[in-house]
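Note sheet for the following structure.
Quick note on labels: first sequence line is chain A, next is B, and so on, each numbered from 1.
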Number of protein chains: 2
Amino acid sequence: MNNAWHKEMLAEVKAGGRISDQDIVEKVRRAVLMQRLPPDTKLPEVTLGEVFGVSRSVVRKALTRLASEHVVDQRPNQVARVRAPSIEETRETFEARRLVEGEVAAQLAGQLDDEIMATLETQARLETEAYERGDEPARIEHSLTIHHLLAEHSPNRVLGAMLTDLVLRTSIVIALYKRPSLASCYLENDHPRLLDRLGKGDGEASRTCIHEHLHSLEALLDLRPRENSIDLMSILGRTAEQT
Amino acid sequence: MNNAWHKEMLAEVKAGGRISDQDIVEKVRRAVLMQRLPPDTKLPEVTLGEVFGVSRSVVRKALTRLASEHVVDQRPNQVARVRAPSIEETRETFEARRLVEGEVAAQLAGQLDDEIMATLETQARLETEAYERGDEPARIEHSLTIHHLLAEHSPNRVLGAMLTDLVLRTSIVIALYKRPSLASCYLENDHPRLLDRLGKGDGEASRTCIHEHLHSLEALLDLRPRENSIDLMSILGRTAEQT
DNA sequence: TGACGGAAAACTGTATACAAAGTTGGGGGC
DNA sequence: GCCCCCAACTTTGTATACAGTTTTCCGTCA
């Protein structure tokens, strides 16, 4: 699994009280998001049970939920693993999110009350500050909060729930495919500009803004096809021929 | 639960072989879709277990999955019930489906190979025939097949999966809110027209066609606010004051 | 008669035991 | 030296027991 995370969780559980399946879902999801649990990490039921101090029953329920959230891969008779979405799926997830979040933003434009707008602006400011002091985890946290707030306040709850799922999934693939040379996926001004257009009540401008934001984000990733296990196979095959 | 369905399932299980959690998911989902299990029907774990000849462990997993599909409502310490989406949620589901299926159709236009187009046209013809002979279950079956085929062949698998979910959810609410006076929610020509536009490769016309189709469908429902338990509460409250 | 209270029944939550399937590593054959 | 096969080990699948919660129903009291 991941030994550091392992220990950290153990300590946290000892300190806190009882743990429910939903707690496990949230802790694992967060660990995946924060790259504490990299893709393909095995998540055996007994191990997780020991970490959280519960039996397999609870862990199993949590894993089933995580699988339906696309965070974990659960195959019959095999250990659950942290899911590693393909490059193909990454592109498709971004496209789906552009469609859904664009629509949500368009509907939300001019409909957000002052209190929520203020919260959004605070988060945008905190994101910038976190970026400037190089605190990437905090930056991600604030960036996610902005998008989650949009999803949460969508007048259409069905679309809102879909957006929440898509935000999670894009976050995972960003962590996975971020160009290693980049310290951060921060896009200066994108969030403030979006908030400005939302505040002015311009639905179509807000939609466009979301589209551009997500295209820019996607462009920060390295989505070139790469040597995967299949390619490795063929290479090994050729080496064998050369011998 | 539902006694007729109950017995039918018992017979089916005795005839067939082993039953997995996924089988239960499919059978319950289908029963809900076909209105064999009306909204709010209680689904106790032991009863389902007896019906399908498995223990609660398997049933619990199935119920968790059904809950994540929005077919069933699972609250802590309470029996699972067939979900009854509100009128509000019904409208939102239709809106979400228009957005997603419109996009899928636009992407699919001109991209479907002859074999799939032929299958789609067969289903459309079978739907009409089923309608003409008054076989509503068969009509629904063929109609659903058309939309599921679109979802399945969407070049964007993420959008496709979202569409599959939305088709299921709209089917459930159609069953729930269909005007009782209507024998069927059949819309003559809608499906053939869509297939024609898909075949011609006109993406935007296909999207429009989907939008119109779903608006027409929604219009066949009775989504007027009704006396529900909350209204009943307030009435009882006022009666109490009057006394 | 109707409302309240409490015991019994029904049901879910969790842990655990056993069965079945998958994984791994070592020894023998080529 | 390499591959294959088999046995031990690991891990998941399913059933079941018991604890805790909710619901139901009946008897009592105003």
Side-chain angles (χ1 to χ4, degrees), chain A residues 1-3 6 13 16-28 37 40-68 71-83 229 233 236-243, chain B residues 1-3 6 13 16-28 37 40-68 72-83 229 233 236-237 239-243:
Chain A
M1 216 146 57
N2 174 319
N3 229 280
H6 206 289
V13 168
R18 213 64 70 263
I19 287 287
S20 80
D21 59 310
Q22 199 55 40
D23 295 328
I24 300 180
V25 168
E26 278 158 28
K27 282 183 196 304
V28 173
L37 293 175
D40 271 332
T41 307
K42 284 187 186 175
L43 300 171
E45 297 176 358
V46 277
T47 317
L48 278 177
E50 283 163 11
V51 170
F52 291 109
V54 293
S55 80
R56 283 178 52 214
S57 332
V58 186
V59 173
R60 280 176 75 77
K61 191 165 184 177
L63 285 176
T64 304
R65 299 182 98 90
L66 284 165
S68 79
V71 173
V72 144
D73 234 1
Q74 222 182 1
R75 285 208 184 77
N77 293 318
Q78 276 174 244
V79 268
R81 285 163 176 273
V82 176
R83 220 168 98 81
S229 53
M233 281 290 210
L236 289 176
R238 251 189 284 136
T239 329
E241 270 175 40
Q242 284 167 357
T243 335
Chain B
M1 217 144 59
N2 174 318
N3 228 280
H6 207 289
V13 168
R18 213 64 71 261
I19 288 288
S20 80
D21 60 309
Q22 199 56 40
D23 296 327
I24 299 179
V25 168
E26 278 158 28
K27 283 183 197 303
V28 173
L37 293 175
D40 270 332
T41 307
K42 285 187 186 176
L43 300 171
E45 297 175 358
V46 277
T47 317
L48 278 177
E50 284 164 10
V51 170
F52 292 110
V54 294
S55 80
R56 284 179 50 215
S57 333
V58 185
V59 173
R60 280 177 76 77
K61 191 164 185 181
L63 285 175
T64 304
R65 299 182 99 89
L66 284 165
S68 80
V72 144
D73 234 1
Q74 224 183 0
R75 286 206 182 78
N77 291 319
Q78 276 173 245
V79 293
R81 286 163 176 271
V82 175
R83 218 167 100 82
S229 52
M233 280 290 210
L236 289 176
T239 329
E241 270 176 42
Q242 285 165 357
T243 335

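Distance alone, capped at 3.5 Å, is enough to place a donor-acceptor pair between the A:Arg81 side chain and the A:Asp40 backbone.
To the nearest 0.5 angstrom, A:Gln78 atom CD is 9.5 Å from A:Lys42 atom NZ. If you take CG on B:Asp73 and CG on B:Leu63, they are separated by 11.5 Å, rounding to the nearest 0.5 Å. To the nearest 0.5 Å, the span separating CD on A:Glu26 from CG on A:Asp21 amounts to 10.0 Å. Here the CZ atom belonging to A:Arg60 is positioned 10.5 Å from the OG1 atom belonging to B:Thr64, to the nearest 0.5 angstrom.
Computed from coordinates, the B:Leu43 CG to C:dT12 C1' distance equals 14 Å when rounded to whole Å. Regarding A:Lys42, its NZ atom lies at a distance of 12 Å from the P atom of D:dT10, rounded to whole Å. Atom CZ in B:Arg81 sits roughly 14 Å away from atom C1' in C:dA10 (whole-Å rounding). To the nearest angstrom, P of C:dT12 lies 19 Å from CD of A:Gln22.
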Given side-chain contact (heavy atoms from CB on, under 4.5 Å), test B:Val79 with B:Leu43 step by step and report yes or no. CA-CA 6 Å; B:Val79 293; B:Leu43 300 171; over 6 Å; no

I'd like a list of close polar pairs between nucleotides 13-16 of chain D and the protein, N/O only, cut-off under 3.5 Å.
residue : atom : partner : partner atom : Å
D:dG13  : OP1  : A:Asn77 : N            : 3.3
D:dG13  : OP2  : A:Arg60 : NH1          : 2.7
D:dG13  : OP2  : A:Arg60 : NH2          : 2.9
D:dG13  : N7   : A:Arg56 : NH2          : 2.9
D:dG13  : O6   : A:Arg56 : NH1          : 3.0
D:dA15  : OP2  : B:Ser55 : N            : 2.8
D:dA15  : OP2  : B:Ser55 : OG           : 2.8
D:dA15  : N7   : B:Ser57 : OG           : 2.5

